[in-house]
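Remarks on the structure that follows.
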There are 2 protein chains.
Amino acid sequence: MDGSLTTTPDLEVMCSSAPDAGFAIRDMLGHLGDKWTLLVVGMLEAGPIRYSELKNLVPGISQRMLTLTLKKLERDGLVDRRSYPEIPPRVEYSLTALGRTLLEPALAFAHWARDSGDAIRAARAEYDRR
Amino acid sequence: MDGSLTTTPDLEVMCSSAPDAGFAIRDMLGHLGDKWTLLVVGMLEAGPIRYSELKNLVPGISQRMLTLTLKKLERDGLVDRRSYPEIPPRVEYSLTALGRTLLEPALAFAHWARDSGDAIRAARAEYDRR
DNA sequence: CGGAATCCGGAGGGATACTG
DNA sequence: CAGTATCCCTCCGGATTCCG
């Protein structure tokens, strides 16, 4: 085999080889690719964090969406919810082992977004100017 | 500085340090994090590809969404559209240099989705059983 | 072949008010 | 403090039809 320029279609292979695999990936992307999920996961990197603290950390998220996002992540086995029966109540969220594996791609994406934001906005402005 | 266990909040830092930076990242995630974008970008890995070919490759996408997704990516400077004035017409799409930088995080995410799909579905079933 | 235009249902998601 | 419940509206996205 020649290692010169294997174009390795990759995603194409993943989708075409197993028909339901493509389906699953599409589902996962549609599932986690919403407005808040990756952002919330990224915020859980540092360790256990309280609900209100999380809310303050994610700029602009509503209580509703934070709750829904956390519930979804908990259901998917990515986030662990631990509530302490005190008054006032305290609830801490953290990533599970599975959730921590998502951290890497999520942060990679966030870093890309940060680094490419300017270029994209520039391209957009250029495109719109004509 | 001690290099023992720096928890490096990362995304938190990115959002809290510059207020508009968090805004931008949230925007980018909300923008690219839809049902099809990452999947389409992944399919463009191999090089220039025709519209209809792309449509066949992405399982279940409608003409409308493929067109909209490609237009958005073109506007963002991530995809290059090249049309050849023949009959029947032929249009080829490919990633720009900027678009190719997105490929890495996108594929990382897709790979994660493929590898974690089973575990997540299992966690979901477990969660729903009670 | 590669779209554009239109219609339309339903999910996504914000604001607000209330609860334990 | 940490949610839940409700209202309401935007816009995502599928199906269909038409055009160069």
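Everything quoted here is computed from the prediction, not taken from an experiment.
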Checklist entry - Which residues pass the salt bridge (charged side-chain N to carboxylate O under 4.0 Å, His left out) test with A:Arg124, sequence neighbours left out? => result B:Asp76

Checklist outcome for this item: Outermost contacting nts on DNA chain D, any atom under 4.0 Å from chain A heavy atoms, listed 5' then 3', are D:dC1 to D:dT6

Next on the checklist: Taking salt bridge (charged side-chain N to carboxylate O under 4.0 Å, His left out) as the definition, give me every residue that meets it alongside A:Arg81, ordered by chain and number, with sequence neighbours left out.
Outcome noted: none

Next on the checklist: Can you list everything that forms a side-chain contact (heavy atoms from CB on, under 4.5 Å) with A:Thr96? Sequence neighbours excluded, please.
Outcome noted: A:Asp80, A:Leu98

Item to check | Non-neighbouring partners of A:Pro48 that pass side-chain contact (heavy atoms from CB on, under 4.5 Å), sequence neighbours left out | outcome: A:Glu92, A:Ser94

Checklist entry - Which parts of nucleotides 6-20 of chain C does protein reach within less than 4.0 Å, heavy atoms only, written one letter per nucleotide 5' to 3' as B for base, S for sugar-phosphate only and - for none? => result B------BBB-B--B

Next on the checklist: Between the opening five pairs and the closing five pairs of the helix from C:dC1-D:dG20 to C:dG20-D:dC1, how far apart are the helix axes, to 10°?
Outcome noted: 50°

Checklist entry - Are any of the side-chain heavy atoms of B:Leu39 and B:Ile61 separated by less than 4.5 Å? => result no

Next on the checklist: Looking at B:Lys71 and B:Glu74, is any side-chain nitrogen of the basic one under 4.0 Å from a carboxylate oxygen of the acidic one?
Outcome noted: no

Next on the checklist: Using the salt bridge (charged side-chain N to carboxylate O under 4.0 Å, His left out) criterion, which residues pair with B:Lys35? Sequence neighbours excluded.
Outcome noted: none

Item to check | Side-chain N,O (B:Tyr51) to OP1/OP2 (C:dA4) below 4.0 Å | outcome: no

Checklist outcome for this item: The complete set of salt bridge (charged side-chain N to carboxylate O under 4.0 Å, His left out) pairs with one or both residues in residues 48-61 of chain A, sequence neighbours excluded, reads none

Checklist entry - Taking A:Trp36 as the fixed residue, which of A:Leu66, A:Thr69, A:Val41, A:Leu68 is the one that meets the side-chain contact (heavy atoms from CB on, under 4.5 Å) rule? => result A:Thr69

Checklist entry - With sequence neighbours left out, what residues match A:Arg100 under salt bridge (charged side-chain N to carboxylate O under 4.0 Å, His left out)? => result none

Item to check | Stretch residues 123-130 of chain B: residues that reach within less than 4.0 Å of DNA chain D through a heavy atom | outcome: none

Checklist entry - In residues 70-83 of chain B, what residues come within less than 4.0 Å of DNA chain C, judged by heavy atoms? => result B:Lys71, B:Arg81

